Visitor: 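Have a look at this one.
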Amino acid sequence: MRETGSPFAPHTDEETAAMLDAVGVDNEKALFDIPDPVAFDGELGIEGRSEQGIRREMADLFAKNDDLTEFLGRGHYEHYVPSVIESLSKRSEFLTSYTQYQPEITQGFLQALFEYQSMLVELTGLGIANCSMYDAATALGESALLAERVRSAEGNTVLVPETLRQGKRSVLQNYVDGSALVVESYPTAEGTADVVGLEDAVDDDTLFVYAETPTVRGCIEPELETIGEIADEAGAVFCLGSDPVALSLLQEPASVGADVVVGEADVLGLPTAYGMGLGLFACKESFLRQVPGRLVGASEDSEGTRAYTLTLQTREQHIRKQRATSNICTNQAWVALRAAMHAAYLGADGLTGLAEDCVSLASGLAADLDAVDGVRAPVDDRHHFREFVIGTDQPAAAVADDLEEEGFAVHVVDSHELQVCITDANAHAADDLVAAFEEVAA
């Protein structure tokens, strides 16, 4: 123990003066170039308030928010989260837990994460799932980098659908910057992959092929097996984007040749979060040592009791930097816990029933909107899951603005295209939405 200073700021005044003299400045402030407009002058300029006063002020502020019923989707979806999820996940041992580096005191949380991984393995048919990524976009970026590491093809081209949501593509591009990978697009038709165009796009330089089901336009991809065969013939990694609710009903990714599955798992356990996500990442067992993020493994302790621990930790904090598979430094463990709780609450039949509702609700709403003058629904001649694109005779932006005046939020996709998403969370307002379209779309 030092006689002077503290263990957190251990330098004495003499040592600090010597270091400042060595770098040629008079004080610590000279080491920073902070513009005057943002420099702290010693006064926060915030008037003191009572707790009661702050509550009133915040209530007044929140009351200014638009009270809209959202029919929004395109990658972010809301399903009803049972109150038991809120209650259990907010237990102190879950809510205050940091990374489970000490398995001897975190067996409960580790077991829950292991169950989350096991659920994804069952839904995807693949051998390995990690215990979460940040979101679907970062999971996609990591999967492209994984393809470069496992490299069963010589090329560097990452192929994605031309309709890939711009935010997701931007994150993917950021991930591959600095590598030799190049992101290119293949065409789509009727909201799904144009397999002829994909075949033309795939060549000897193709390393990675990405497809989605449902797609960003809500369409269920009918050609997954063909896409998998095209990727396999090129020696490319086939990555499929989906989510746990859809996977409970649609084709199992492993059965169509998927090597990696990514997507948003926050469709379970999390209400609309406007930014927070939960990235799922599953892959073939042969990729085990290239998986980014964290894995929970099951073993036995010294007394033969089943035990759980983080295993095969391959991020740069734990091994030599050049051998790391990822620089992701945390995960979404608590959100994954909620997703696992929600899936367990629903059970296999409940999860499949929820997915079936996503098909029937979309089909029913599309039929009702198609009967409205000035509206065509759905635009894409496909089966749909949760959402679909509709055509409007009037400019889409004007229709969306008028719908907002009626209390509804929808996506503007193109000059004469809107997109509507329906789930169990907003189905109660479907008839009112149709009535609003009848008022504004003709």
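Quick caveat: nothing in here was measured; it's all calculated off a predicted structure.
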Visitor: Inspect the surroundings of CE in Met276 and state if more than 12 heavy atoms from other residues, nucleotides or ligands are less than 6.0 Å away.
Guide: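 Count not over threshold, so no.
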
Visitor: Report the C-alpha separation of Leu146 and Phe281 in whole Å, then their side-chain angles, then the decisive distance to 0.1 Å, and conclude whether the side-chain contact (heavy atoms from CB on, under 4.5 Å) test is met.
Guide: CA-CA 11 Å; Leu146 178 144; Phe281 190 103; 3.9 Å; yes

Visitor: Is the backbone N or O of Gly191 less than 3.5 Å from a side-chain atom of Thr215, with the two atoms forming a donor-acceptor pair by type?
Guide: yes

Visitor: Below 4.5 Å, heavy atoms only, C-beta onward: do Phe208 and Leu181 meet side chain to side chain?
Guide: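 Not touching, per the 4.5 Å side-chain cut-off.
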
Visitor: Test side-chain contact (heavy atoms from CB on, under 4.5 Å) on Leu312 and Arg289 and set out the steps.
Guide: CA-CA 7 Å; Leu312 297 176; Arg289 292 189 174 274; 3.3 Å; yes

Visitor: Can a donor-acceptor pair be found, under 3.5 Å and without considering hydrogens, that links the side chain of Asp194 to the backbone of Ala189?
Guide: no

Visitor: If a pair satisfies side chain to side chain donor-acceptor pair (under 3.5 Å) and one of its residues is in residues 348-361, list it, with sequence neighbours excluded.
Guide: none

Visitor: To check you understand the geometry: which heavy-atom pair defines the closest contact between Cys131 and Gln117, and what is its length?
Guide: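 Between these two residues, the closest heavy atoms are CB-OE1, 3.3 Å.
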
Visitor: Please work out which of the three classes, parallel, tilted or perpendicular, describes the rings of His384 and Phe388, given edges at 30° and 60°.
Guide: perpendicular

Visitor: Looking only at non-hydrogen atoms, find the nearest pair between Ala333 and Leu113 and report the distance.
Guide: O-CD2, 3.6 Å

Visitor: Does the side chain of Ile34 reach to within under 4.5 Å of the side chain of Phe40, using non-hydrogen atoms?
Guide: no

Visitor: Can you tell me if Asp381 has over 12 outside heavy atoms packed within less than 6.0 Å of its CG?
Guide: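 Result for CG/Asp381: open.
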
Visitor: Quick check on Glu104: does its CD atom have over 12 non-hydrogen neighbours (other residues, nucleotides or ligands) under 6.0 Å away?
Guide: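 Yes.
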
Visitor: Write down the atom of Val176, the atom of Ala144, and the distance for their closest heavy-atom approach.
Guide: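 Closest pair (atom of Val176, atom of Ala144, distance): CG1-CB, 4.2 Å.
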
Visitor: Between the main-chain N or O of Pro292 and the side-chain N or O of Asn130, is there a donor-acceptor pair closer than 3.5 Å?
Guide: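 Present.
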
Visitor: Closer than 4.0 angstrom, basic N to acidic O: yes or no for Arg382 and Glu221?
Guide: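 So Arg382 does not pair with Glu221 through a salt bridge.
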
Visitor: Can you see which heavy atom on Gly141 is nearest to which on Leu172, and at what distance?
Guide: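 Minimum heavy-atom contact is CA-CD1, 3.8 Å.
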
Visitor: Does the Asp259 side chain pair with the main chain of Phe238, one donor and one acceptor, at a distance under 3.5 Å?
Guide: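 A pair under 3.5 Å: yes.
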
Visitor: For residues Leu351 and Val245, determine if any side-chain heavy atom of one lies less than 4.5 Å from a side-chain heavy atom of the other.
Guide: yes

Visitor: Can you tell me if CZ on Arg91 sees more than 12 non-hydrogen neighbours from other groups inside 6.0 Å?
Guide: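 Result for CZ/Arg91: open.
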
Visitor: Would you call Val267 and Pro244 a side-chain contact if the rule is heavy atoms closer than 4.5 Å?
Guide: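 Yes, at least one pair of side-chain atoms sits under 4.5 Å.
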
Visitor: Within a strict 4.5 Å, meaning less than it, do heavy atoms of the Ser89 and Phe94 side chains meet?
Guide: no

Visitor: Could you pull out every donor-acceptor pair under 3.5 Å between side chains of residues 392-414 and any protein atom, sequence neighbours left out?
Guide:
from	atom 1	to	atom 2	distance (Å)
Thr392	OG1	Gln394	O	2.7
Asp393	OD1	Arg376	NH1	3.0
His411	NE2	Gly73	N	2.9

Visitor: Just by distance, do the side chain of His342 and the backbone of Gly269 share a donor-acceptor pair under 3.5 Å?
Guide: yes

Visitor: Given side chains that start at C-beta, do those of Leu268 and Arg338 come closer than 4.5 Å, heavy atoms only?
Guide: no

Visitor: Might you confirm whether atom CG of Asp373 has over 12 heavy atoms from other residues, nucleotides or ligands at distances under 6.0 Å?
Guide: no

Visitor: Within this structure, what is the CZ-CZ distance for the pair Arg217 and Arg74, rounded to the nearest 0.5 Å?
Guide: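 Taking CZ in Arg217 and CZ in Arg74, the distance rounds to 7.5 Å.
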
Visitor: Is the side chain of Gln107 donor-acceptor paired with the backbone N or O of Tyr308 at a distance under 3.5 Å, no angle test?
Guide: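 Yes.
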
Visitor: Step by step, would you call Tyr175 with Thr138 a side-chain contact (heavy atoms from CB on, under 4.5 Å)?
Guide: CA-CA 8 Å; Tyr175 261 72; Thr138 54; 3.5 Å; yes

Visitor: Are the side chain of Glu28 and the backbone of Thr16 linked by a donor-acceptor contact shorter than 3.5 Å?
Guide: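 No, Glu28 side chain to Thr16 backbone: no donor-acceptor pair under 3.5 Å.
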
Visitor: Tell me whether Glu162 contacts the main-chain N or O of Ser185 through its side chain, where contact means a donor paired with an acceptor under 3.5 Å.
Guide: no

Visitor: Minimum heavy-atom separation for Ala265 to Ala339, with atom names?
Guide: O-CB, 4.0 Å

Visitor: Roughly how far apart are Asp36 CG and Asp41 CG, rounded to 0.5 Å?
Guide: 10.0 Å

Visitor: Is the side chain of Thr106 donor-acceptor paired with the backbone N or O of Leu110 at a distance under 3.5 Å, no angle test?
Guide: no

Visitor: Measuring from Arg49:CZ to Arg56:CZ, what's the distance to the nearest 0.5 Å?
Guide: 11.5 Å

Visitor: Do you know the tightest heavy-atom contact between Ala211 and Ile227?
Guide: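 It is CB-CD1, 4.0 Å.
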
Visitor: If we ignore hydrogens and angles and just use 3.5 Å, is the side chain of Ser363 paired with the main-chain N or O of Val359 as donor and acceptor?
Guide: no

Visitor: Salt-bridge test for Glu212 and Arg165: reply yes if a basic N is under 4.0 Å from a carboxylate O, no otherwise.
Guide: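 No salt bridge links Glu212 with Arg165.
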
Visitor: Considering only distance and modelled atom types, tabulate donor-acceptor pairs under 3.5 Å from the side chains of residues 425-442, sequence neighbours left out.
Guide:
from	atom 1	to	atom 2	distance (Å)
Asn426	OD1	Thr423	N	2.9
Asn426	ND2	Glu70	O	2.9
Asn426	ND2	Cys421	O	3.0

Visitor: Pairing donors with acceptors under 3.5 angstrom, does anything connect the side chains of Glu387 and Tyr77?
Guide: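 The criterion, which ignores hydrogens and geometry beyond distance, is satisfied for Tyr77 and Glu387.
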
Visitor: Are any non-hydrogen side-chain atoms of Phe109 and Glu93 less than 4.5 angstrom apart?
Guide: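 Contact flag for Phe109/Glu93 side chains = no.
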
Visitor: side-chain contact (heavy atoms from CB on, under 4.5 Å) between Val171 and Lys168: does it pass, once the steps are laid out?
Guide: CA-CA 5 Å; Val171 173; Lys168 188 178 290 185; 5.9 Å; no

Visitor: Does any non-hydrogen side-chain atom of Leu310 lie less than 4.5 Å from one of Val296?
Guide: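 Val296 vs Leu310: side chains touch.
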
Visitor: Give, for atom CD of Gln173 and atom CD of Gln166, the distance between the pair rounded to the nearest 0.5 Å.
Guide: 9.5 Å

Visitor: Just verifying a value: how many Å separate Met133 CE and Leu140 CG, rounded to the nearest 0.5 Å?
Guide: 10.5 Å

Visitor: Other residues, nucleotides and ligands only: do more than 12 of their heavy atoms fall within 6.0 Å of CD on Glu122?
Guide: no

Visitor: State the CG-CG distance between Leu288 and Leu295, to the nearest 0.5 angstrom.
Guide: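 Nearest 0.5 Å value for the CG-CG distance: 6.5 Å.
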
